[in-house]
Participant: 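Okay, here's the structure, questions in a sec.
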Amino acid sequence: MLIKPVKIPNIGKYKNVDVIEIHVHPEDDIKKDDSLITVETDKASMDIPSPYAGKVIDIKLTVGDQVSEGDLILNIMIKQDYDDQTLLYNNKKFHASPAVRRLVRIFSLDLSKIIPSGKNGRITQEDCEKKIKEYIQIIQNTPLYKNEHEASLNKKTIIQPLSKINKLSGKNILFNWINIPHVTLYDHADITYLEKFRENKQKEAKRLNIKLTPLSFLIKTLSIVLREFPIFNSSLSKDNSNIIIKKYINIGFAVDSPKGLVVPVIKNINEKGIFEIASEIMILIKKAHNNKLQSNDIEDGTFTISSLGNLGTSGFTPIIHKEEAAILGISKKEIKPVWNGEKFIPKCILPLSLSTDHRIIDGAIAAKFLTRYSYLLQEFNNIILY
Ligand code: CAO
C-alpha cells in the first residue's frame with residue numbers, strides 16, 4: 001500500500017475558490033474519477049475527481065475553505081495491485097540490483113524519483129534509504145490541520161508543545177511502525193499460582209525494600225522462553241540480508257514517565273533472580289521519573305515488554321523497537337471463571353499480546369512462542385527446571 005496526497009489540479013485561471021461540498025469521508029473506498037469535492041468559482045461550480053482508486057485516509061479541507069491549484073485535498077491509500085502496475089512499469093527502466101529492487105518493492109518506491117549515485121546511473125541501497133528518510137520527514141512535517149494556527153488564535157484550540165522525549169520517541173515510533181511489518185497475536189495466561197506465589201513473597205520483599213509487582217516475574221519467565229526461541233532475541237542486519245541472533249538477553253520495559261515514554265533496559269536477565277530484577281526495575285523507574293536515565297540504562301535491549309496492566313486495558317498492539325524482532329504487551333489481570341471439565345473455578349487471567357517482525361518471525365512460530373510463555377507462567381512452580 002502507498003499513501004498519496006491528492007491536490008487541487010489545474011483549475012484554469014481561478015484562485016481561492018470556495019469549497020462548497022465534500023463528497024467523501026475518511027475510510028471511504030473510492031474509484032478513480034469519483035468526485036471528491038465541489039468547488040465554486042464566480043462563474044460555475046466544478047467537481048474535482050480522484051486521480052486514483054483507493055481508501056481515503058484523511059481529509060484536509062472543510063466546506064467554506066478557499067483553495068487554489070496545489071492545495072492538499074486529502075490523502076489516499078492506493079491499492080497495492082494498482083500501485084504495482086504503475087510502479088512496475090516505471091521501475092523496469094532503471095538500473096538497480098535485486099537487493100535494491102526488493103527494498104523498492106517493500107516500500108513501493110518509484111525509482112524515477114530517486115537520484116542515482118552508483119556507477120553508470122545505478123541506484124544504490126543508500127539512494128533508496130535517503131528517499132525513504134525524505135518521505136518520513138515529509139510525513140512528520142505535514143501539519144495536521146491547514147489552519148491550525150488560525151484556529152488557535154481564535155481560541156478554538158490549544159497548541160501544546162511536545163516534550164523532548166515525546167518528539168524523540170514519536171520519531172522512533174513512526175520509523176518503526178512504517179519500516180517493520182507488524183503481526184500481533186493475542187493470548188492469555190492463567191497466573192493464579194504465580195500470583196499466590198508472589199503474595200507469599202511480599203513479606204520477604206518488604207524486608208529487602210523491594211516492590212514486588214508481576215513485572216519482574218513476567219520478565220524472568222520471558223528470558224527462559226527467549227532462550228528456547230532465540231529468533232525472538234534477534235534483529236535484521238542493516239542490509240536486511242542476515243538475522244543477528246544475540247546470545248545475551250537484555251529486556252527493555254516501557255515506562256510512562258512524566259515527560260513521556262522511555263524504555264530502560266535490564267541487562268543479562270538470565271543471570272539474575274527475581275528479587276534482583278525487581279530491585280533494578282525500581283531503580284530504573286525512579287531514574288526515568290526523575291529524568292536521570294543515562295544512555296547505558298537505555299541501550300542494548302534485545303527484546304521489550306510493555307505493561308499497561310497497572311493502568312487497565314484488555315489488549316493492545318505494541319510497536320516493535322528498531323533492532324529487535326518482537327515486543328510483548330501485557331494488559332490488566334482479572335479473575336475470571338474457567339471451566340475445569342466439571343465446574344467453573346475462579347482463575348487469575350493475564351492478557352498477552354505479541355507483535356513480531358514478519359520478515360523474521362511468522363505467525364506460526366509466534367503462536368508457539370506465546371503458547372509456551374503462557375504455559376510457563378501458568379506452571380510457574382516448574383520454572384526452576386528451565
Ligand atoms: N494487571 C493488574 N494490575 C497490575 C498489573 C497487571 N497486569 N501489573 C501491575 N499491576 C499492579 C501492581 O501490582 C501494582 O499494584 P499494587 O501497588 O497493589 O502492588 C500496581 O499495578 C502499580 O504497579 P506499578 O506501576 O507501580 O509497577 P509495575 O511493575 O506494574 O509497572 C511500569 C511498572 C514501569 C511498567 C509502569 O509503571 C508503567 O509505566 N506502565 C506503562 C508502560 C507504557 O506506557 N506502555 C505503553 C507503551 S505504548 O504507548
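Counting starts at 1 for both ligands and their atoms, in listed order. In this text, all values refer to a predicted model and were calculated from it rather than measured experimentally.
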Participant: Quiz question for you: does at least one protein heavy atom lie closer than 4.0 Å to atom 16 (P) of ligand 1?
Facilitator: no

Participant: Hey, which atoms in ligand 1 end up nearer than 4.0 Å to a heavy atom of Leu350?
Facilitator: 7 (N)

Participant: In terms of residue, atom name and distance, what is the protein heavy atom nearest to atom 39 (O) of ligand 1?
Facilitator: Asp256 N, 2.8 Å

Participant: Which is it for Ile281 and ligand 1 at heavy atoms under 4.0 Å: side chain, backbone, both or neither?
Facilitator: neither

Participant: Is there at least one pair of N or O atoms, one from Lys333 and one from ligand 1, spaced under 3.5 Å apart?
Facilitator: yes

Participant: Mind checking whether Ile180 and Leu328 sit in one hydrophobic cluster, side chains of I, L, V, M, F, W, Y counted as touching below 4.5 Å?
Facilitator: no

Participant: Give the residue and atom name of whichever protein heavy atom lies nearest to atom 28 (P) of ligand 1, and the separation in Å to one decimal.
Facilitator: Thr213 OG1, 3.6 Å

Participant: Could you identify the single nearest non-hydrogen protein atom to atom 22 (C) of ligand 1 and state the distance to 0.1 Å?
Facilitator: Asn310 CB, 3.7 Å

Participant: Check for me whether Lys211 has a heavy atom closer than 4.0 Å to any atom of ligand 1.
Facilitator: yes

Participant: As an exercise, identify every atom of ligand 1 less than 4.0 angstrom from a heavy atom of Leu261.
Facilitator: 44 (O), 47 (C)

Participant: Whether the Glu324 and Thr304 side chains hold a donor-acceptor pair (N or O, under 3.5 Å, no angle test) is what I'd like checked.
Facilitator: yes

Participant: Looking at non-hydrogen atoms alone, which of Pro318, Ala278, Gly312, Ser331 comes nearest to atom 7 (N) of ligand 1?
Facilitator: Ser331

Participant: I'd like to know if Lys196 and Glu199 make a salt bridge, using a cut-off of under 4.0 Å between side-chain N and carboxylate O.
Facilitator: no

Participant: Step through the shown structure and confirm whether more than 12 heavy atoms of other residues, nucleotides or ligands are within 6.0 Å of CZ on Arg227.
Facilitator: yes

Participant: To check your reading of the model: name the closest protein heavy atom to atom 35 (C) of ligand 1, its residue, and the distance in Å.
Facilitator: Ala254 O, 3.6 Å

Participant: Under a 4.0 Å N-O cut-off, is there an ion pair linking Asp127 with Lys130?
Facilitator: no

Participant: Of the protein's non-hydrogen atoms, which lies at the shortest distance from atom 43 (C) of ligand 1, and what is that distance?
Facilitator: Leu308 CD2, 3.7 Å

Participant: Between Ser314 and Ser331, do the side chains contain an N or O donor and an N or O acceptor separated by less than 3.5 Å?
Facilitator: no

Participant: Hey, is Ile319 touching ligand 1 through its side chain, its backbone, both or neither, going by heavy atoms under 4.0 Å?
Facilitator: neither

Participant: With a 4.0 Å heavy-atom cut-off (strictly under), which part of Val255 contacts ligand 1: side chain, backbone, both or neither?
Facilitator: both

Participant: For atom 33 (C) of ligand 1, what's the nearest protein heavy atom and its distance?
Facilitator: Ile285 CD1, 3.7 Å

Participant: Which heavy atom of Asp239 sits nearest to which heavy atom of Ser241, and what is that distance?
Facilitator: OD1-OG, 2.7 Å

Participant: In the protein, which heavy atom is nearest to atom 5 (C) of ligand 1, and how far is it?
Facilitator: Gly309 C, 3.5 Å

Participant: Would a 4.5 Å heavy-atom cut-off, applied to side chains only, mark Leu222 and Ile305 as touching?
Facilitator: yes

Participant: Quick check: do Thr221 and Leu377 have side-chain heavy atoms less than 4.5 Å from each other?
Facilitator: yes

Participant: Tell me the closest heavy-atom pair linking His182 and Ser355, and the distance in Å.
Facilitator: CD2-CB, 4.0 Å

Participant: Which of these, Ser307, Ser306, Cys348, Pro264, has its nearest heavy atom closest to atom 42 (C) of ligand 1?
Facilitator: Ser307

Participant: For the residue pair Asp190 / Gln378, report whether a side-chain donor-acceptor contact shorter than 3.5 Å exists.
Facilitator: no

Participant: Would you mind checking which non-hydrogen protein atom is closest to atom 13 (O) of ligand 1, with the distance to 0.1 Å?
Facilitator: Pro214 CD, 3.5 Å

